[in-house]
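If you're wondering where the values come from, they're calculated on a predicted model, not measured in any experiment.
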Amino acid sequence: MSRHVVQIPYSHLHPGLILDAPAGAHDFLVHFGDDSESRAQLLRDDTGRPVLRMGGYMTAQGTVVDERVWTVCEAARHGDHIRLRLGRSLA
């Protein structure tokens, strides 16, 4: 499996969720627990804080999830990965 794929056991993101993302990769694929997928980009807001832009996708149940930007309330490096704890969704 590519090191630029992040797997989570849920079909949606939510505040408090921890993503184990590849360090240094600002663009990666998120593979959800229901086998849906979306592209994510780790960016910085105007103040320099990290945010996660999640592309829109459709869940396996047919729910359409629009593109969103999530705050990152915690980021900690662990070897070649960075653990991101999501805050609230901005959009």
| Taking a hydrophobic cluster as the set of Ile, Leu, Val, Met, Phe, Trp and Tyr residues connected by side-chain heavy atoms closer than 4.5 Å, whether directly or through intermediates, do Leu43 and Val69 fall within one such cluster? | yes
| message | Using a 3.5 Å distance criterion without hydrogens, assess whether the side chain of Arg88 forms a donor-acceptor pair with backbone atoms of Leu90. | response |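 No, because the side chain of Arg88 does not come within donor-acceptor range (under 3.5 Å) of the backbone of Leu90.
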| request: Mark yes or no for whether Ser38, through its side chain, and Gly55, through its backbone, hold a donor-acceptor pair below 3.5 Å. | output: yes
Which pair of non-hydrogen atoms, one from [X] and one from [Y], has the smallest distance, and what is that distance?
X     : Y     : answer
Gly87 : Trp70 : O-CE3, 3.4 Å
Asp35 : His31 : OD1-NE2, 3.1 Å
Arg83 : Asp20 : CG-OD1, 3.7 Å
Met58 : Ser36 : O-CB, 3.3 Å
Leu52 : Val72 : N-CG2, 4.1 Å
Val30 : Ala40 : CG2-CB, 3.9 Å

| How would you list, by chain and number, every residue that makes a ring pair (Phe, Tyr, Trp, His ring centres under 6.0 Å) with His14, sequence neighbours excluded? | Tyr10
| Quick one: salt bridge (Lys or Arg N to Asp or Glu O under 4.0 Å) partners of Asp45, sequence neighbours excluded? | Arg49
Should [X] and [Y] count as side-chain neighbours, where that means a heavy-atom distance under 4.5 Å?
X     : Y     : result
Val5  : Pro22 : no
Asp34 : Gln61 : no
Val65 : Leu13 : no
Leu84 : Glu74 : no

| Test log, rule side-chain contact (heavy atoms from CB on, under 4.5 Å), inputs Arg44 and Val51 | CA-CA 6 Å; Arg44 300 246 174 225; Val51 294; over 6 Å; no
| request: Kindly compute the distance separating CZ (Phe28) from CZ (Arg39), expressed to the nearest 0.5 Å. | output: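 Here the interatomic distance stands at 9.5 Å.
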